[in-house]
Amino acid sequence: MSYLEKLKQLEPIQFRYKKEYDPHQKLRAGFSAQQVQKVIPEAVVEEDGILMLDMHVLREYRDKALEELKAKNS
């Protein structure tokens, strides 16, 4: 499966962090680590029982997906 196809499987969500992590409770947009783990497991790390996204890996996927699109449209 291509990088682009994998990224297209991810569904953005809106969320707020728990108050102990963000007392201001700002509305944020992103991806669920649980969902990303199913599609791109190498982009998820676990620390102290909490799943977190490895943004470096996701940026690599984004960059490679852009290359695929450019090649497709050339």
Side-chain angles (χ1 to χ4, degrees):
M1 184 177 303
S2 75
Y3 292 96
L4 182 59
E5 288 173 354
K6 284 189 176 188
L7 288 179
K8 287 170 67 175
Q9 290 182 32
L10 301 179
E11 293 183 36
I13 60 169
Q14 291 186 329
F15 63 95
R16 298 178 198 279
Y17 285 120
K18 292 181 179 181
K19 283 189 179 187
E20 61 260 24
Y21 297 114
D22 180 10
H24 303 293
Q25 291 290 290
K26 296 176 187 173
L27 185 62
R28 300 172 184 272
F31 299 101
S32 158
Q34 291 83 354
Q35 184 203 25
V36 173
Q37 190 175 41
K38 292 176 186 174
V39 181
I40 309 169
E42 65 271 25
V44 178
V45 294
E46 185 175 342
E47 283 187 29
D48 300 324
I50 298 172
L51 295 178
M52 295 184 283
L53 298 176
D54 182 338
M55 296 309 291
H56 179 72
V57 174
L58 287 177
R59 283 186 202 102
E60 287 178 23
Y61 266 77
R62 177 203 60 200
D63 293 345
K64 290 183 181 190
L66 286 171
E67 288 174 17
E68 289 175 1
L69 278 172
K70 287 178 185 176
K72 200 179 213 182
N73 293 323
S74 295

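- Put simply, the side chain of Asp54 never gets that close to the backbone of Leu58: no donor and acceptor are under 3.5 Å apart.
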Only pairs under 3.5 Å count here: list side-chain donor-acceptor contacts from residues 37-45, not counting sequence neighbours, and write none if there are none.
unit_1 : atom_1 : unit_2 : atom_2 : d
Glu42  : OE2    : Tyr61  : OH     : 2.4

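- For Arg28 (side chain) and Arg16 (main-chain N/O), no donor-acceptor pair under 3.5 Å exists by modelled atom type.
- Met1 and Leu4 fall into different hydrophobic clusters, defined by Ile, Leu, Val, Met, Phe, Trp and Tyr side-chain heavy atoms under 4.5 Å apart, directly or through other members.
- With a 4.5 Å cut-off on side-chain heavy atoms, Met52 and Ile50 count as touching.
- Atom CG of Leu69 sits about 8.5 Å away from atom OG of Ser2, to the nearest 0.5 Å.
- Under a cut-off of 6.0 angstrom, the local environment of CG in Asp48 is sparse, with at most 12 non-hydrogen atoms contributed by other residues, nucleotides or ligands.
- A single hydrophobic cluster is seen to contain both Leu10 and Met55, as judged by linkage of ILVMFWY side chains at heavy-atom distances under 4.5 Å, directly or through other members.
- Listed by chain and residue number, nothing satisfies the side-chain hydrogen bond (donor to acceptor under 3.5 Å, both in side chains) test with Gln9 (two or more places apart in sequence, or in another chain).
- At a threshold of 4.5 Å between non-hydrogen side-chain atoms, the residues Lys8 and Glu5 do not count as touching.
- The backbone N or O of Glu11 lies less than 3.5 Å from a partner atom in the side chain of Gln35, making a donor-acceptor pair.
- By the neighbour-count criterion of 12 heavy atoms within 6.0 Å, atom CD of Glu46 is densely surrounded, having more than that number from other residues, nucleotides or ligands.
- Residue Phe31 comes nearest to Val36 through the heavy atom pair CB-CG2, 3.7 Å, listed as atom of the first residue, atom of the second, then distance.
- Looking only at distances, a side-chain donor or acceptor of Glu68 sits under 3.5 Å from a matching main-chain atom of Tyr3.
- Between Lys19 and Gln25, the shortest heavy-atom distance links the atoms N-NE2, 3.3 Å.
- Leu51 and Phe15 are members of different hydrophobic clusters when ILVMFWY side chains are connected at heavy-atom separations under 4.5 Å.
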